[in-house]
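As structure tokens, the structure follows; a few thoughts come after it.
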Amino acid sequence: MKQQIEELVATLRKDGFRVTPQRIAIVDYIMNTAEHPSAEHIHKVVQKKYPMVSLSTVYKTLDLLREKRLVNEIEVNGELRFDPNTGEHVNLVCLNCGMIVDSNEDELIEIQNKIAKKAKYLVIRGSLDLFGYCANCRPKFEA
């Protein structure tokens, strides 16, 4: 993972973007977390090491990562969350607690290929978000 971050930093520099220690910390956190954090959460984590980092810097860095297709956005209850897993997978999103779980299923690729073939469409990348209730929250919503 460290090599991936170093390559990303080199790419950003080559493309003319400023690469500050704060920006590297943001990239490092998002690329190494199994969570799907919000910008505010990333800000709180990075701020522990870099107290002067602004929320604006976090948003600008996340925008850049999204633009470069290195993170995906998932909206959960009106809040944007960021997913460093840009491969094909399913996000299971709890509408109550906001927990997001990745599920990598081979069937997803089969379904995607079937849909693309039927529509005569070239799919470059895709994601699927399923919204419901996790095992902890589900009992509260079952009748």
Side-chain angles (χ1 to χ4, degrees), residues 1-12 15 17-143:
M1 191 63 77
K2 184 177 180 180
Q3 183 180 358
Q4 181 184 12
I5 292 170
E6 289 172 1
E7 289 173 8
L8 174 59
V9 167
T11 300
L12 294 175
D15 291 347
F17 294 100
R18 286 187 55 218
V19 181
T20 63
Q22 295 87 345
R23 186 168 265 180
I24 292 171
I26 294 164
V27 169
D28 184 50
Y29 180 76
I30 190 75
M31 300 308 269
N32 286 306
T33 185
E35 299 174 4
H36 299 74
S38 66
E40 291 79 7
H41 179 78
I42 296 167
H43 180 244
K44 285 179 187 173
V45 169
V46 173
Q47 203 173 33
K48 289 176 185 173
K49 186 172 183 180
Y50 298 99
M52 298 304 288
V53 70
S54 69
L55 185 56
S56 175
T57 298
V58 174
Y59 274 110
K60 287 176 186 175
T61 303
L62 290 170
D63 285 344
L64 180 60
L65 293 174
R66 188 184 63 244
E67 184 180 301
K68 298 233 170 250
R69 295 186 177 173
L70 297 169
V71 297
N72 290 326
E73 284 182 342
I74 305 166
E75 186 176 338
V76 181
N77 299 329
E79 177 184 57
L80 287 180
R81 307 274 288 279
F82 297 88
D83 187 357
N85 182 352
T86 58
E88 291 160 344
H89 67 285
V90 176
N91 288 306
L92 299 167
V93 183
C94 182
L95 293 169
N96 187 54
C97 70
M99 180 176 68
I100 302 172
V101 176
D102 286 343
S103 177
N104 297 313
E105 296 293 333
D106 292 335
E107 292 85 10
L108 176 63
I109 295 171
E110 291 175 27
I111 293 168
Q112 176 181 297
N113 290 338
K114 184 177 179 180
I115 292 168
K117 184 177 179 180
K118 186 174 181 179
K120 298 179 181 156
Y121 205 83
L122 173 63
V123 175
I124 303 301
R125 67 184 182 99
S127 67
L128 178 62
D129 300 331
L130 300 176
F131 295 86
Y133 300 103
C134 69
N136 291 331
C137 296
R138 184 177 172 180
K140 298 174 195 170
F141 297 93
E142 289 181 323

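Nearest approach of Ala39 to Leu55, heavy atoms of both residues: O-CD1, 3.9 Å. Among all heavy-atom pairs drawn from Cys137 and Asn96, the shortest one is SG-ND2, 3.1 Å. Contact record, Leu92 with Ser103: CD1-CB, 4.4 Å, taken as the closest heavy-atom pair. Shown here for Thr86 and Asn72, the closest heavy-atom pair between the two residues is CA-ND2, 3.6 Å. Shortest non-hydrogen contact noted between Val123 and Gln112 is CG1-NE2, 3.6 Å. For Cys94 against Val76, the heavy-atom pair with the smallest separation is O-CG1, 4.2 Å.
Proximity of Arg81 to Asp83: side-chain heavy atoms (C-beta onward) are nowhere separated by under 4.5 Å. Side-chain atoms of Thr33 and His41, non-hydrogen and from C-beta on, never get closer than 4.5 Å to each other. Contact annotation: the side chain of Asp102 approaches that of Asn91 to within less than 4.5 Å [non-hydrogen atoms, C-beta and beyond]. In this structure, the side chains of Lys49 and Tyr29 stay at 4.5 Å or more apart for every pair of heavy atoms. Residues His36 and Phe82 are not in side-chain contact: their nearest non-hydrogen atoms beyond the backbone lie 4.5 Å or more apart. Taking 4.5 Å as the limit, every side-chain heavy atom of Asn136 sits out of range of all side-chain heavy atoms of Met99. In this structure the side chain of Val46 never reaches within 4.5 angstrom of the side chain of Val58, judged on heavy atoms.
With values rounded to the nearest 0.5 angstrom, Ile42 atom CD1 is found 4.5 Å from Leu62 atom CG. Note that CG of Asn77 is 9.5 Å distant from SG of Cys97, once rounded to the nearest 0.5 Å. From Phe131, atom CZ reaches atom CD of Glu75 across 8.0 Å, with rounding to the nearest 0.5 Å. Note that the OH atom of Tyr59 and the CD1 atom of Ile26 stand 12.0 Å from one another [nearest 0.5 Å]. Taking CD1 of Ile100 as the start and CD of Glu35 as the end, the distance is 10.0 Å to the nearest 0.5 Å. In this structure, Phe17 CZ and Thr11 OG1 are separated by 11.0 Å, a value rounded to the nearest 0.5 Å.
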* **Leu12 vs Lys68, side-chain contact (heavy atoms from CB on, under 4.5 Å): CA-CA, chis, key distance, verdict** => CA-CA 10 Å; Leu12 294 175; Lys68 298 233 170 250; 4.1 Å; yes
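A distance-only check finds a donor-acceptor pair linking the side chain of Asn32 to the backbone of Asp28 [under 3.5 Å]. In this structure, His43 contributes its side chain and Val53 its backbone to a donor-acceptor pair below 3.5 Å.
The aromatic rings of Tyr133 and Phe141 lie parallel to each other, with less than 30° between the two planes, well short of the 60° mark.
A salt bridge links Arg66 to Asp63: one of the charged nitrogens lies within less than 4.0 Å of a carboxylate oxygen.
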